[in-house]
Each structure stands twice: as C-alpha cells, then as structure tokens.
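The structure under discussion appears below in the form of structure tokens.
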Amino acid sequence: MSISTRYSAEDTEGKWYQKWLEKKYFHSTPDEREAFTIVIPPPNVTGVLHMGHMLNITIQDALIRKARLEGKNACWVPGTDHASIATEAKVVKMLREKGIKKSDISRDEFMKYAFEWKDKYGGIILEQLKKLGASCDWDRTRFTMEDKLSKAVVKVFVDLHKKGKIYRGLRMTNWDPEAQTVLSNEEVIHGEENSHLHYVRYQIDSDEEIETIETERLKRELAIFERNIKNLKRGNDKKLLKSNLTKIEHLKTQLAAEQDKLNWVTIATTRPETILGDTAIAVNPKDPRYAHLKGKRAFVPLINRSIPIIFDRYVETDFGTGALKVTPAHDMNDNEIGERHKLETIDVFNANGTMSEAAQMYIGEDRFEAKKLIIKDLKVSGNLVKIEPYKNKVGRSERTNAVVEPRLTLQWFMDMKDVSKVALDAVKDGEVTFFPEHFINMYRNWLAEDKVKDWCISRQLWWGQRIPAYFLGEDFFVAETPEEALAQAKEKTGNNALTINDLQQDEDVVDTWFSSWLWPISVFDGFETQEELKYYYPTNVLVTGWDIIYLWVARMVMAGYEWSEELLGTEFVEKKGKQPFNDVYFTGMVRDLNRKKMSKQWGNSPNALALIEKYGADGVRFGMLSSASAGNDIIFDAPFDKKTKSVLNESKLCEQGSKFCNKMWNALRMLKLLEKVDNPTTVEAEKINPLAKTWMDNKFNQLLETMEVNYKSYRLGDALMNLYNFMWNDFFSEYLEMIKPDYGAPIDEASYDEAIGFFEKFMTILHPFMPFVTEELWHQLRDRKDGDDCIISSYPKAESYDKSFIKKVDTAIEIISKIRSIRKEKGMKDKEPLKFYIKKTKTVEDLFNLDGLEEMLVRRSFISELKYIDTDEVEGTISFISGTDKFFLESTIKIDVAAEKEKITTELEYTQGFIKSVEKKLSNERFVQNAPAAVVEKEKQKLADGQARIKILEESLAQLN
RNA sequence: GAGACUGUAGCUCAGUUGGUUUAGAGCAUUACCUUGACAGGGUAGGGGUCGGGGGUUCGAAUCCCUCCAGUCUCACCA
C-alpha cells in the first residue's frame, strides 16, 4: 500500500465537509438529550470573512464539536445581520454608480434594490465559514430582517411602548444640511481644520454697580487720598498736593476701567453666527474672575436679548476667556448644559443650513455667509475684541462632505433605567458569567445608574424595520398593524370615518441592534411559539468581541430578562434562568505585528481565504487558537513584506498547525506500513509493549483531566497545546518509538491494535480543534462502517490514573535523555552500543522493579549491557546524576578531565546555591511556624535531595582528581 | 479629560485564589544527526535582575501604592 508522505488538506477538507452535510450531523432538533446551544454573533450580511470572524468561528466550532462528541444535542444557529447603516450606505453607493440618487426613488423602489443587493452578496460570508469547517446547523440560518424576525421587532416595540418604556424626545443629532438627513456618529468624519477663535464681548445687563474686591480696594484707596487732599490743601506743600491729585486721577481712571470691565464679559467662539441663538453665558463656578457675575444677566450683541449668566462645571477655566456662550440648539454640550439649567433653545438655522427667522438677522442667508456678515457687524458695534487663528475638529458628512450641524430632532428612545439595572445584576449575581471576569468592569462602566443613557432606537434610514407608529396629525398610535393603529385612532378621536390612508407611518426605522438584541430568542421563533425556545434557552455560551459589550451583549441580557418569563413561564425561568446565555467568552481583537487592529482600511489583514488555502483550515484553526487567550488581544503573526510594506498571507503559527497535520499523517503511515503477526517476535517487545500501553493509558487520563480544566475556563489555546505537546512528545516520540519494531521487523497484532486504539482516541479529542485531518485519519485508521465518523464518535471520560507509575516511566525517559545528551557532548554515536552501570540504591531498585522498564531503557538508549553495582566509581565511564541516583555510561573516548571538572563544579555551585536558599527558609523560625506543614515538608525534602546530590557531585569531583 | 486592560526569553504567550522550580511553553535561533513514518524530521544547547521604584509578608512574577510605556473604551474643549 502506498500513502503519500504528505498530508494534503486540499484533497481532504472539502470532501469531509460535504459528507458531514449529507449526514446532517450539524442539524439539531429537540430530543431527550441535553442541549448545547450557541447562537452565532451574526456577521454583516454584506461582509466578507476576516481574521476576527476566523477566530470567533473557530472558538465556537471547537466548543460545539466538543459538546457534540460528548453526546449533547449540539445546536449552533448561524445567520446574518442586516446592518442598516453599512448596508444602506453600500446600496446607495451602488445606486449612485448606476446614476440613481436615493432621493429620486421611492422607499419601495429602494427596498427592492436593497434586497437584490442582499440576495446577490448576502451570505457570501456564510459560505466562507464553511471553508473553515464551521459546523453550524445551516437549516436554521436566519437573517435579522426576514419576516419572522421583523415581526418580533415590531412586537417588542409595541410591547415596550405599552409598558411605557419607549418615548419620543428631542435629541441632538448629526444633521447633514446638504442631504437633509440625520447621520449616525459613524457616518461623520472628524478632521482638524483651520479656523478662527473670535473673542466677543457681551454687555452685562445690570442697573446696579457691580462690586468686586478690586473695585472696593480702589474705592478705599481713593477715599484715603481724598481725605489726604483735604489736609494737604490746608498745608502748603504744593508738590505733594500735586502728586496726590495725580494719584487720585489715576485711581479714578483705574476704577472707571475696572468698572467698565465689569460691565462686559468676553467669550471666545469659533462660530459667531450662532451668537444669535445664545440663551446663556456659562462660567465655571470655581473661577474667581467671574464670581461677581452670580445672578447677573448679559445682552446678546446686535439683538440685545438678555440672557442669564450661569455657572457650570463643564466650562474649562483655562480655555479661551473661561466664559462660554451657550447655544443649546447648535452644540451637543451646550445642549446638555441647557438641559441642566433649563435654558431656552433657539434654533437659528433652517434644515438646509440657512438662517431661520428665529435668528432675527440675516434670515435666509447661508450659515457661512451669515458668519462673514456677523463678524463685520460685531466689529462695527465694538463687540469684537480680537480674532485668533485656531485649529479645531470639524465633522463632515461621509457622503456629502458637508459640514455637519448638530441639530435637535425628534427621535424614539427606550428608557434604560430599570433594564440596565437588571442587566448589571445578571452579571453581578453570576447568572451570566464573563470570561475573563474583568469585563464586568467595562460592563458596569456603561450600565451604572449614573452612566447609562437612554437608547436612541430610531434611525433615519430605509433599510431596516420601520417604526410601527402611525401619525394622525400630531397624534400617533403604536400598533403591530396599520389596522390596529386605525382602530386606536378611531377610538381616540371618535371619528369612525377615518381610513388607513389618513394615517401616516413614521418614516424612520429602528436601530439594527434593536433587532439583534432579540437574537437568542428570535432565532427560535420564540416570540411566536415557545416549543424550541423551551429546549434551547438559555443558550450555553456567547462568543463575541468585547468591543460590542454595550451595543449587543448588554442589550441581549436586557431582552432576555424582559421577555423570557412572559414567553416561557415562571416555572421555567425559576429552574433555568432568564439569561439569554450562561457564559460569555470575550475574544480579543486581532492585531498585526505592530499591534494595530487588523482592518480592511489599514490593509494590514492577511486574506483569510488565502491562509486557508495555504495552510488548510485545520492549520489556520490551529494558528488562531494557539494565539488566542480569552479577552487578550491576538497578535497575529502575519509578516509584512519589507519592500511593499503590505501584509503577507503567511503565518508561522498556521504553519505549525499544518506541520502537525503532517506529523500525524506520517505517524499513521508508519503504523500502516508495519507487518503484523500474531505474537510478539522479541522478548523485549513482549516486555516493553505492555509497559508502553499502561503508561499511555495513565498519561492519557491525566491529559484528559488537564484539558478539561482548561476547557472549563475556556482556555482553548491551552487545551490545544496540552494535546499538541502530548501527541508530539509522548505519543509520537516516546510511545510509538517504544513499540516500534526494528526496521523490517513485524509487530504483534495486539500491540498494533492498542496503538490504533490510542490514535483513535486522540483523533476524537483533537477533533474539536482540527476537524478535517482528524476525520480523515479516523477513516485511515480502520475500515469504518457507514456512519462511523469521528465527528460523532464519543469523547472519552477521564478515569483515575496512577501518578507514581507515570513518574517512574518519566524518570526512565529522563535517564534516556541524559544518556543521549552525554553521547552528544562527547561526540559518541547515537546508536553505538555502550555498557551502562547503575549504582544500586533503594530508589533505583524500586524504579526498575517496574516490568519492562529496564528493557525499555536498554533498547531506547542503545545499551549493550546493563549492570547494577555497589561502587561509586567505574573505570572508563562517564557518570551522571538523575534525581539522587548515580549512573555510569561507558565512554569510548578519553575523558577531558578539566572540562568534566568544570561541568561538575558548575552543577555543584548551582545545587549549593539552591540548598542555601532552602536552608535559609528552613532556619527561619517564622517560616516553619507560619507556613503550612506540607510546604515545610516539601522544603525539607528539597533540602535532603539537594544534599544527596551535593554528596554525589563532590564524590565525582574527588574521583577526577 | 475619565476609566479599563496589558507590560515575563528575539517573537507570541502560560504562570489557576502568594509557597513543588534562584521562572515555563510554542515559535525563532545555534550545534550536531539523518537512506529506516516524517528535512514539514530528530537530538542537545543558548537565551529572562518577571517595565522602574517603594511597601505588606517568614516568603511576591503573583497582593497594595507610585511612576513609566503600550492598547482600547467613553467623553471630547467652545
């Protein structure tokens, strides 16, 4: 039989994925088994596979495959998100390229184009996930904007409105005066631009004289001088009189200037045209310069409107003049200040960016023109103090490049007060567990009572679920259907002649997150029928990036607590909980070697599909997992081309994965190529092979235990590395070498079967990480009946194991390694048969009591003859220590006494240093008293062993002399 | 500006509630080996005052304080 010397991922992966699909292994329907559920964080429907997805998907797939192997009913629900903003922007761009403007077509026409676009490009990403081996239940693929899910959105909107949790309110939004639409924060590009800071003075509106410490001081001083004058006039020192009079004049001017200063307050602004909309001047309450302005008012220049002077901590004392004009209609912060101080709001702009009637001046002029005009007028009126050049950040519309105006618009909000507390408590109380834990800090940072902001759920877009509010003039009716809204309208107005055409549905759609927050419920159609929800809810784990902890994770928790009891009943939630998922595993961001976040924009992300092609899906999965630890960012090792500075589709870690595939492949090849006979052909094999088997059995259980600990805390990378190291070092390098017959010799059937049996188990436990290669090898290992596949094999349960047995074999392996090391150092051949002597002690006796151990050692380290001796010295050998025992290896070359001495001295010094530190500990009374007995005991053992080693080393040194 | 996280070998990371060890892994690197399952291999090495400085403790990579550096989130200065 001939098998290629290399494993080919290319030939394997597609084949098995197809087979799994045919066999419907990914499909889940409720049954009597325990469910294990994951809902995918739905990628953007128009997205393409990137590194972040690969990491995320690999982790989810590993978890779901493990659960499947453990006999659970594993259900991984895939799907996509409609991503309002991003998708609409793409559709608008596509239309523009066709010469169609969004404003020229109807809503229905636009939606037709959008769905065409979605059908064409949507779901590409899902096909790409298959390349990676994702074992999603594709029959359950959902889309956040499909009918059923949209109905759920409308339903919860109506429900929340009924509960009084949804309201309409004015809110500052980013307004594009050119496109005349609201933009989301993501659509505004902020950039530094050259501008000017205008210093404008406002006159204080006050009849009474304003006193400050300075004016009082001046007045006092003036009074003193005036008194002096009276006396001086009586005297005859004309010179002194004159100087005093001058001083008085001076003081009077100073006082006048000071008082004049007090009658004005100067502010600095980059936007003088909004002065007309000022409704207050704000200063910092701690600013001594303005303390005298408490309770005062000032006049807006040119229009002379009297506005209050208010004190607000927001104002920075060291910026500009420390006084800020407040225009609540045209600045986000001013708006907040306005809310705090209940200020009037005057909108001086029209929707198209021209001055409105409320401005009183320059009505109808464009805002940029108005700016020029007002500067001129302020100069004329004497209010303009100075103009300084200034750089500031200006927001421009991503689409039209128009300067974005903050503008108050009516939006829909969801009250977050109660739900945020519920969501925070869910994590605090451990109903939802975060991995890593510390993300609760970030979570709290957003949800804490004083931090949380109401959720603006309306978006001025078409691509999304339209808000189910129907207007009749100023009145509106929220209902699941227009008919219901009509009924409500009829009842409210008492007008039975109303028709649906009299009602106007809100133009806006809801935020995309307002549909994805229902995902863990809606993918099971939970708002319609609870049959499946009862089986799959709460889902087991959510795997997502921490960047959407607020946007998505927190909101899903809110939705879960809001509706699960209504849907599933009190009894159910008392038993299983209301939470949408029990655990949340936060993956890190994938970064490049410069720690920059990988993104399309930067062009620093390798091509995901190219990587899969190069290293195989298994190789890439290995690479992703081995660099992934929960919560920590992943520095992906794709190098950059030095010349072009572009990222290469290469990765050492992925290469390691593909090498691993090859290693397994070749180990299998070796086994398959062996000739099999009924009985062991050598005495050694008869002894060694059972030892090897027992050792592997014990070690395997130990491995399962270690991996399980790592699985439990989602340390998948660690679990994989446990397995990788174990397979490579213990299974391939040690075990297979132990049982491998001499070249050309046959192996006995029993030992062969045992090896295949172990191999098989490894395939099962490796399967979650590297599904393709394991499935392929699973089938290479034995002839399989139809349906006997690795993907549904059963995950072995850890059994107890004998630690002291493992320790003994490991000690023997250590001795073998030392023998090799000496051969290497001394330039002796690896396989040249040499004599070997062991100083007989209790420990040695105990060690080699183990059946087969001696034979194993002899065979693995090419020993011609093994003898136990009682002396401390053997002629023509090199000695070494393992543990506290001494061994002697025949040396065919002359010993370099000096070098040997140096080596022993170095080791001696190290051991002495070590002993010293242990002694120091033990001689410390407080240590002996305070440390746990076990720790002290260990230290004592360390001391005893160390002393024994020193003794041997000293002896060896003495013999060399 | 507020907050969070990270800093351990050339690189990427472990170090599991302070105590098997004067610090571990993988990769990279060095030397040697290699017709025998695998050069996509084997064997053996080298490499770290655990970011700096204080403190708590019998004992600190681990806990506390402080400083420095990086990353990110939120808020962004009229």
Side-chain angles (χ1 to χ4, degrees), chain A residues 3 5-7 190 197-198 267-271 274 282 314-316 318-321 323-327 331-334 390 392-393 436 438-439 441-442 444-446 451 546-547 549-550 588-589 591 593 595-597 626-629 631-637 652-653 655-656 658-674 709-710 713 715 717-718 721-722 724-725 728 732-733 736-737 740 742-744 817 820-825 827 829-831 910 913-914 916-918 920-921 924-932 934-939 941-942:
Chain A
I3 316 176
T5 60
R6 286 184 185 182
Y7 168 71
H190 292 273
L197 208 49
H198 308 78
I267 56 88
T269 180
T270 54
R271 304 206 58 194
T274 63
Y314 167 78
V315 185
E316 306 265 343
D318 53 3
F319 187 89
T321 63
L324 167 73
K325 70 183 213 55
V326 185
T327 326
D331 185 280
M332 304 271 182
N333 294 300
D334 288 13
Y390 182 69
N392 68 337
K393 274 190 181 169
H438 68 72
F439 277 107
N441 294 332
M442 203 188 265
R444 192 186 288 119
N445 195 33
W446 192 67
K451 296 275 177 60
W546 51 261
D547 50 335
I549 185 169
Y550 310 140
M589 303 286 101
R591 300 178 180 283
L593 284 171
R595 293 190 175 261
K596 231 187 221 169
K597 192 166 160 180
S626 58
S627 53
S629 56
N632 277 342
D633 286 352
I634 283 116
I635 314 292
F636 194 77
D637 64 340
K652 284 281 172 201
L653 286 168
E655 190 188 333
Q656 197 184 341
S658 73
K659 279 184 182 177
F660 185 39
C661 292
N662 201 57
K663 181 75 182 175
M664 291 188 273
W665 178 259
N666 275 293
L668 172 99
R669 248 184 92 217
M670 183 271 278
L671 280 173
K672 298 280 278 189
L673 291 172
L674 292 175
V709 169
N710 285 323
S713 46
R715 295 157 169 270
D718 286 3
M721 282 319 280
N722 293 151
Y724 171 84
N725 285 323
W728 202 300
F732 297 142
S733 297
L736 284 188
E737 288 301 327
K740 189 167 95 177
D742 289 337
Y743 182 59
S817 169
R820 280 190 200 133
S821 178
I822 287 173
R823 286 178 186 265
K824 188 119 298 199
E825 271 168 39
K829 288 214 166 109
D830 288 351
K831 295 179 182 177
Y910 172 89
F914 173 63
K916 219 173 160 186
S917 79
V918 178
K920 203 175 131 196
K921 259 189 213 175
N924 185 331
E925 265 178 53
R926 289 210 272 182
F927 169 74
V928 182
Q929 272 167 19
N930 296 328
V935 174
V936 178
E937 206 40 57
K938 268 173 196 163
E939 291 299 319
Q941 188 59 47
K942 270 156 74 177

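Here is how names work: the chains are called A, B, and so on, in the same order as the sequence lines, proteins then strands, and each is numbered from 1.
At a threshold of 4.0 angstrom between heavy atoms, the contacts of A/Thr5 with the nucleic acid are absent. Residue A/Glu939 is in sugar-phosphate contact alone, with no base atom involved, counting any heavy-atom pair closer than 4.0 Å across all strands shown. When heavy atoms are screened at a 4.0 angstrom cut-off, A/Glu737 is found touching base atoms of the nucleic acid. Heavy atoms of A/Lys921 sit nowhere under 4.0 angstrom from any nucleic acid atom. Contacts of A/Leu324 with the nucleic acid, taken as non-hydrogen atoms under 4.0 Å apart, include base atoms. At the heavy-atom level, A/Asn725 lies under 4.0 Å from the strands shown only through sugar-phosphate atoms. Residue A/Tyr550 is in sugar-phosphate contact alone, with no base atom involved, counting any heavy-atom pair closer than 4.0 Å across all strands shown.
The CE-P distance, from A/Met670 to B/A37, rounds to 7 Å in whole Å. Nucleotide B/C27 holds its P atom 16 Å from the CZ atom of A/Phe636, rounded to whole Å. Here B/A75 presents its C1' atom at 15 Å from CH2 of A/Trp446, a figure rounded to the nearest Å. Atom C1' of nucleotide B/C72 and atom CH2 of A/Trp546 are separated by 4 Å, given to the nearest angstrom. A/Lys325 has its NZ atom 14 Å from the P atom of B/C77, to the nearest Å. For the pair A/Leu653 CG and B/C27 C1', the interatomic distance rounds to 7 Å; values are reported in whole Å. Here B/G19 presents its P atom at 17 Å from CG of A/Asn924, a figure rounded to the nearest Å.
Proximity note for A/Arg715 (side chain, C-beta onward) versus B/A78, B/G26, B/G15: the nearest is B/G15. With B/A37, B/G19, B/C58 as the choices, the nucleotide that has an atom nearest any side-chain atom of A/Arg926 turns out to be B/C58. The nucleotide whose nearest atom lies closest to any side-chain atom of A/Asn666 is, among B/C38, B/A25, B/U20, B/C38. Considering only the side chain of A/Lys659, B/A28 comes nearest among B/G42, B/A28, B/A78. Among B/C76, B/G41, B/C58, the nucleotide with an atom closest to any side-chain atom of A/Asn333 is B/C76.
For the atom pair A/Arg444 CZ and A/Phe439 CZ, the distance stands at 14.0 Å (nearest 0.5 Å). Rounding to the nearest 0.5 angstrom, the gap separating the NE2 atom in A/His198 from the OH atom in A/Tyr390 is 13.0 Å.
Nucleotides B/G46 and B/U6 have their C1' atoms positioned 29 Å apart, rounded to a whole Å. For B/C5 and B/A44, the P atoms lie 42 Å apart once the distance is rounded to whole Å. On the C1' atoms, B/U57 is 10 Å away from B/C63, given to the nearest whole Å. B/G70 and B/U56 have their P atoms separated by 32 Å, with the value rounded to a whole Å. Taking atom P on both nucleotides, B/U20 is separated from B/U62 by 14 Å, rounded to a whole Å. With both ends at atom C1', the span from B/G47 to B/C27 equals 14 Å, rounded to whole Å. Here the separation of B/A31 from B/G36, taken at their P atoms, is 25 Å to the nearest Å. Spacing between B/C38 and B/A4 at atom C1', rounded to whole Å, works out to 47 Å.
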Nucleotide N/O of nucleotides 69-71 of chain B paired with protein N/O under 3.5 Å:
from  : atom 1 : to       : atom 2 : distance (Å)
B/U71 : O2'    : A/Arg591 : NH2    : 3.1

Distances under 3.5 Å only, N/O to N/O: pair up the protein atoms with those of nucleotides 2-4 of chain B.
none

Identify the pairs formed between an N or O of the protein and an N or O of nucleotides 43-46 of chain B at a distance under 3.5 Å, and give each distance.
from  : atom 1 : to       : atom 2 : distance (Å)
B/U43 : O2     : A/Lys824 : NZ     : 3.3
B/A44 : OP1    : A/Ser817 : OG     : 2.8
B/A44 : O3'    : A/Ser821 : OG     : 3.4

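For A/Asp331, there are no side-chain hydrogen bond (donor to acceptor under 3.5 Å, both in side chains) partners, not counting sequence neighbours. Not counting sequence neighbours, the partners of A/Glu737 by the salt bridge (Lys or Arg N to Asp or Glu O under 4.0 Å) test are A/Lys740. The side-chain hydrogen bond (donor to acceptor under 3.5 Å, both in side chains) search around A/Asp742 returns A/Arg859, not counting sequence neighbours. In terms of the salt bridge (Lys or Arg N to Asp or Glu O under 4.0 Å) criterion, residue partners of A/Arg271 (sequence neighbours excluded) are, by chain and number, A/Glu273, A/Glu405. Residues satisfying the salt bridge (Lys or Arg N to Asp or Glu O under 4.0 Å) criterion with A/Asp547, sequence neighbours excluded, are absent altogether. Checked against ring-ring contact (aromatic ring centres under 6.0 Å, His included), A/Phe914 has no partners two or more places apart in sequence or in another chain. Applying the ring-ring contact (aromatic ring centres under 6.0 Å, His included) test to A/Phe636 and every residue at least two apart in sequence or in another chain returns nothing. For A/Asn445, the side-chain hydrogen bond (donor to acceptor under 3.5 Å, both in side chains) partners are A/Lys451, not counting sequence neighbours. Every residue meeting the salt bridge (Lys or Arg N to Asp or Glu O under 4.0 Å) condition with A/Lys921, not counting sequence neighbours, appears here in chain and number order: A/Glu939.
Side-chain atoms of A/Asn710 do not come within 3.5 Å of backbone N or O of A/Arg715 as any donor-acceptor pair. A distance-only check finds no donor-acceptor pair linking the side chain of A/Asp830 to the backbone of A/Arg823 [under 3.5 Å]. No donor-acceptor pair closer than 3.5 Å links the side chain of A/Arg591 to the backbone N or O of A/Ile635.
Between A/Tyr743 and A/Tyr7, it is A/Tyr743 whose nearest contact on RNA chain B lies nearer the 5' terminus.
Judged by Watson-Crick or G-U wobble contacts below 3.5 Å, the nucleotide B/U57 has no partner. Both distances falling under 3.5 Å, in either a Watson-Crick or a G-U wobble arrangement, occur for no nucleotide opposite B/U35. B/G18 is unpaired under the criterion used here, namely a Watson-Crick or G-U wobble arrangement in which both key atom distances are under 3.5 Å. A 3.5 Å limit on both hydrogen-bonding distances identifies B/U6 as the Watson-Crick or G-U partner of B/A69. Base pairing annotation: B/U29 forms a Watson-Crick or G-U wobble pair with B/G45, both donor-acceptor distances under 3.5 Å. Under the Watson-Crick and G-U wobble criteria, each requiring two contacts below 3.5 Å, nucleotide B/G40 is left unpaired. The base-pairing partner of B/C74, taking Watson-Crick or G-U wobble contacts with both distances under 3.5 Å, is B/G1.
Heavy atoms only, all atoms of each residue included: A/Trp546 and A/Met442 are closest at CE3-CE, 4.0 Å. When every heavy atom of A/Thr5 is checked against every heavy atom of A/Asn662, the shortest pair comes out as O-OD1, 3.7 Å.
In this structure, A/Lys938 does not reach the B/G59 phosphate: none of its side-chain N or O atoms is under 4.0 Å from OP1 or OP2.
A donor N or O paired with an acceptor N or O is not found under 3.5 Å between the base of B/C27 and the side-chain atoms of A/Lys652.
Both stacking criteria are satisfied for A/Tyr910 over the base of B/U22: a centre-to-centre distance under 5.5 angstrom and an angle between ring planes under 30 degrees.
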